[in-house]
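Have a look at the structure below, then the notes.
Lettering of chains follows the sequences in order, A, B, ..., and the numbering in each one begins at 1.
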Number of protein chains: 2
Amino acid sequence: MSPKPTLDTVAKAAGVSKATVSQVMRGTGRISDATRKKVLAAAKALHYVPDERAASMRSGRLREVGMIIHHISNPFNAEVISGVSDRLEQEGYLVSVLDSQDDPERQKRNLEAFIKSSRAGLLWVPAAETTDDTEQLLKTHRIPTVTFLRSSGIEGLDHVGIKNRDATRKATRYLADLGHRHIAFFGGDANADVRNERIEGYTSILDEMHLGPPIVWEAPDDKMSGMDAMFALTAAHPEVTALVCNGDVVALGACHALQRQGKVPGRDVSVIGFDNIQDAYVSTPPLSTLAVHPYQLGQKLAQTLLARLEQPDAPASTTLVTAELISRESTGPAMA
Amino acid sequence: MSPKPTLDTVAKAAGVSKATVSQVMRGTGRISDATRKKVLAAAKALHYVPDERAASMRSGRLREVGMIIHHISNPFNAEVISGVSDRLEQEGYLVSVLDSQDDPERQKRNLEAFIKSSRAGLLWVPAAETTDDTEQLLKTHRIPTVTFLRSSGIEGLDHVGIKNRDATRKATRYLADLGHRHIAFFGGDANADVRNERIEGYTSILDEMHLGPPIVWEAPDDKMSGMDAMFALTAAHPEVTALVCNGDVVALGACHALQRQGKVPGRDVSVIGFDNIQDAYVSTPPLSTLAVHPYQLGQKLAQTLLARLEQPDAPASTTLVTAELISRESTGPAMA
DNA sequence: ACTTCTAGGTAAAACGATATATCTATATGC
DNA sequence: GCATATAGATATATCGTTTTACCTAGAAGT
């Protein structure tokens, strides 16, 4: 029944002033041991918890950062979140997550709510078709923002991403060294920047090793679609014996398709995924893939935001983390 | 360079008082059309956005609710979140999510941060080993809370759950009707309430149909562990020909184990999962499962919280949604 | 013409914290 | 012994809103 205790409540109970209580709670060190104990006792007894809203309003220090990501259910993202939270919690920040579901409308609503609620900064995976007015929103409100995985059209934002070009170069060269001569790039959405970078890496190796024209095949990023797209690809290009994929999920879909055709991934057709999700190594056969450590990426992300908050006017930074090629059983030498 | 615009900024620009601007922004309808237009124009020009913190402090109305869930990456949970958000956004609430990772320590930190930041209410999946002091925290601060999926030890909280007992009764009877005589319950953690309810349903059918003593087998909730546990189960109980599982993931793990043993799920051993995740119907063979519609569950959840916020002193409610049996190819008649 | 009502607007207090300036003893310097 | 530090506590202004009560004109009623 009693209303929420405030500084005043505690002050009265301890027989001191509000100012004193405030100083004790923040540990400024200007208060004597005797009164400090008194105040702490009173605070504990009343279950007093300071109201962050009031504190942040007056002090101008925000202690909460937001994340807006395209798919909260993606296991990779979940690991990123955990890396971010661990690092930012150390500095006393709370990290709360919004799911845009890769929907520009929803993302805009998220962003508007985000702005109203005054957070210190934003970690953001821009939705696929982010509209200009959404970008405008971020620009005019000058929110400290770090994008990750995907970059935005906005100048001057920090970014943490993956060395995509590098990664697919590694994967493609690996397949070529195994003797494959007809390698396709499989999966993803045509107008995605990230995918284009990956295709660039793939194509560059093809060029360097004179392996003919690139074969690039689209497929939405789920298993089912991956399977269907793979049926289409094998019909159109029966000569293909190796796949560099835009993601593990779609790669697993492709493997399924192969199996339904009586082929064995890793023997008849080699498949390399991207992401190293858990399913990649419990599938049959285990999937070769390009692995990025999402937890570390999350920590890097947190680090970048902290630096930005520290120095709001520093020039924008771009950090790219390398992907490592993990060879499992879905890849093997080309058959003679 | 200009600092963030406030009510005052807009008021000066429009040549009216703060109070007037405030009324226009909230649409109280007491302001004439002429001045309203003036104010709105000024607000737009300055990109003014009200500060939720100040507003909520004064009005006492909170417009943000939090969710704390055990695994943000679970696709089922992601769907729940989306149902919750859609419903609560209609009422002008922002929904932000924290991931406890099923870790009691992290959950407690989440909760403490949550309390400081003053949100209207909490949607909560209690972590597996939730400690007493965590529960105490919620109780003493009287936060409007709805638990879901798992229930807490706290009296008087609303709850939205699944008719677990009912679901596994359906599944077990279905298998028995297919002629199976040795049905095991597979997966989950020994001391989980939800699992116990499911085991109860399973056992009750065994009793009614005189199918011998229950066989209950533990397994952590990932594919790999499911596979390993299944090897152990077949070794210990070769007579088992059907499985009621505690989740799809673990069920898929079991199917894998069967395949590695040269057996065919649905022919040699029938398997029923729980959750109906996307993988369940793109696996080979597609997995029979108990389906709960997570989006609808989310909406129900939002509805329950809204009702609680409306009537803080209403008696606690419990809502259970039914799970539907979806029969796919991982189940079939017992072999003669 | 005089009261009474109402519409449209505003001043000022409040929400719960922090920050700044100020106050009062007591300790210190010479 | 007198000025001056200094430590410990406090009064008060402030952050950006909402709310309440009040004010002022012109409209309406008689």
Side-chain angles (χ1 to χ4, degrees), chain A residues 2-40 42-43 46-64 92 94 113 115-120 141, chain B residues 2-40 42-43 46-64 92 94 113 115-120 141:
Chain A
S2 54
K4 211 172 146 195
T6 74
L7 269 190
D8 236 348
T9 325
V10 178
K12 292 227 172 68
V16 296
S17 76
K18 302 197 303 181
T20 304
V21 179
S22 173
Q23 300 215 57
V24 170
M25 297 311 290
R26 282 174 298 141
T28 57
R30 286 174 38 97
I31 304 296
S32 74
D33 248 38
T35 49
R36 220 195 52 210
K37 289 220 179 74
K38 243 187 347 192
V39 168
L40 287 177
L46 292 165
H47 301 294
Y48 169 71
V49 173
D51 185 326
E52 261 293 308
R53 293 171 303 172
S56 71
M57 274 193 67
R58 180 61 239 251
S59 72
R61 266 185 290 283
L62 275 342
R63 314 251 72 175
E64 181 166 356
L94 170 67
I115 289 167
K116 277 194 227 165
S117 57
S118 301
R119 318 226 151 151
H141 291 280
Chain B
S2 54
K4 211 170 143 195
T6 75
L7 269 190
D8 236 348
T9 324
V10 179
K12 292 228 171 69
V16 296
S17 74
K18 303 197 303 183
T20 304
V21 179
S22 174
Q23 299 215 60
V24 169
M25 297 311 290
R26 283 173 298 138
T28 56
R30 280 176 41 96
I31 304 296
S32 74
D33 249 37
T35 50
R36 221 195 50 210
K37 289 216 177 80
K38 244 187 345 192
V39 169
L40 288 176
L46 293 164
H47 301 294
Y48 169 71
V49 174
D51 185 327
E52 260 294 307
R53 293 170 305 171
S56 72
M57 273 192 66
R58 178 61 239 248
S59 72
R61 265 185 289 284
L62 275 343
R63 312 252 72 174
E64 181 165 355
L94 170 66
I115 289 167
K116 277 195 227 163
S117 58
S118 299
R119 317 224 152 156
H141 291 281

Name the closest nucleotide to the [X] side chain, picking from [options].
X       : options                : answer
A/Arg58 : D/dT17, D/dA9, D/dC15  : D/dC15
B/Thr20 : C/dG9, C/dA17, D/dA9   : C/dG9
A/Thr6  : D/dT17, C/dA19, C/dG16 : C/dG16
A/Ser22 : C/dT10, C/dT18, D/dT17 : C/dT18
B/Ser32 : D/dT10, D/dT18, C/dG9  : C/dG9
B/Arg61 : D/dT19, C/dT10, D/dT18 : D/dT19

Backbone N/O of A/Lys18 and side chain of A/Ser22: donor-acceptor pair under 3.5 Å: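 Pair absent, no side-chain N/O of A/Ser22 close to backbone of A/Lys18.
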Would you say B/Asp51 and B/Thr6 make side-chain contact, with heavy atoms under 4.5 Å?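 SC-SC contact between B/Asp51 and B/Thr6 ruled out.
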Would you say the side chain of B/Arg36 lies within less than 4.5 Å of the side chain of B/Asp33, judging by non-hydrogen atoms?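 Result yes, sub-4.5 Å side-chain heavy-atom pair found.
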Only one of B/Lys116, B/Arg53, B/Arg119 passes salt bridge (Lys or Arg N to Asp or Glu O under 4.0 Å) with A/Glu64; say which it is.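 Result for salt bridge (Lys or Arg N to Asp or Glu O under 4.0 Å) with A/Glu64: B/Arg119.
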Rounded to the Å, how far apart are [X] [atom1] and [N] [atom2]?
X        : N      : atom1 : atom2 : value
B/Asp51  : C/dG16 : CG    : P     : 16 Å
B/Ile31  : D/dT18 : CD1   : P     : 13 Å
B/Lys116 : C/dA17 : NZ    : P     : 12 Å
B/Lys12  : C/dT10 : NZ    : C1'   : 14 Å
A/Ile115 : D/dG16 : CD1   : P     : 17 Å
A/Asp33  : D/dA9  : CG    : C1'   : 15 Å
A/Glu52  : D/dC15 : CD    : C1'   : 14 Å
A/Lys38  : D/dA9  : NZ    : P     : 8 Å

Under-4.0 Å side-chain N/O to phosphate OP1/OP2 contact, A/Ser17 with D/dT10: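 Result: yes.
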Measuring to OP1 and OP2 of C/dA19, would you say a side-chain N or O of A/Arg26 lies under 4.0 angstrom away?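 Affirmative; the distance criterion is met.
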Can you see which heavy atom on B/Ser17 is nearest to which on B/Ala11, and at what distance?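 Residues B/Ser17 and B/Ala11, closest heavy atoms: C-CB, 3.7 Å.
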If every non-hydrogen atom of A/Met25 is compared with every non-hydrogen atom of A/Ala43, which pair is closest and at what distance?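 Closest approach of A/Met25 to A/Ala43: SD-CB, 4.3 Å.
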Could one point to a donor on the side chain of B/Arg30 or the base of C/dG9 with an acceptor on the other under 3.5 Å away?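 Such a pair exists between side chain and base.
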Can you find an N or O donor on one side and an acceptor on the other, under 3.5 Å apart, linking the side chain of A/Lys18 with the base of C/dT18?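 It does not, because no donor-acceptor pair links the side chain of A/Lys18 to the base of C/dT18 below 3.5 Å.
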Once you apply a heavy-atom cut-off of 4.0 Å, does [X] come out as touching a base, just sugar-phosphate, or nothing?
X       : value
B/Arg53 : nothing
B/Leu7  : base
A/Ala55 : sugar-phosphate

Please figure out whether B/Thr35 or B/Met57 has its closest DNA chain C nucleotide nearer the 5' end.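 On the 5' side of the pair lies B/Thr35.
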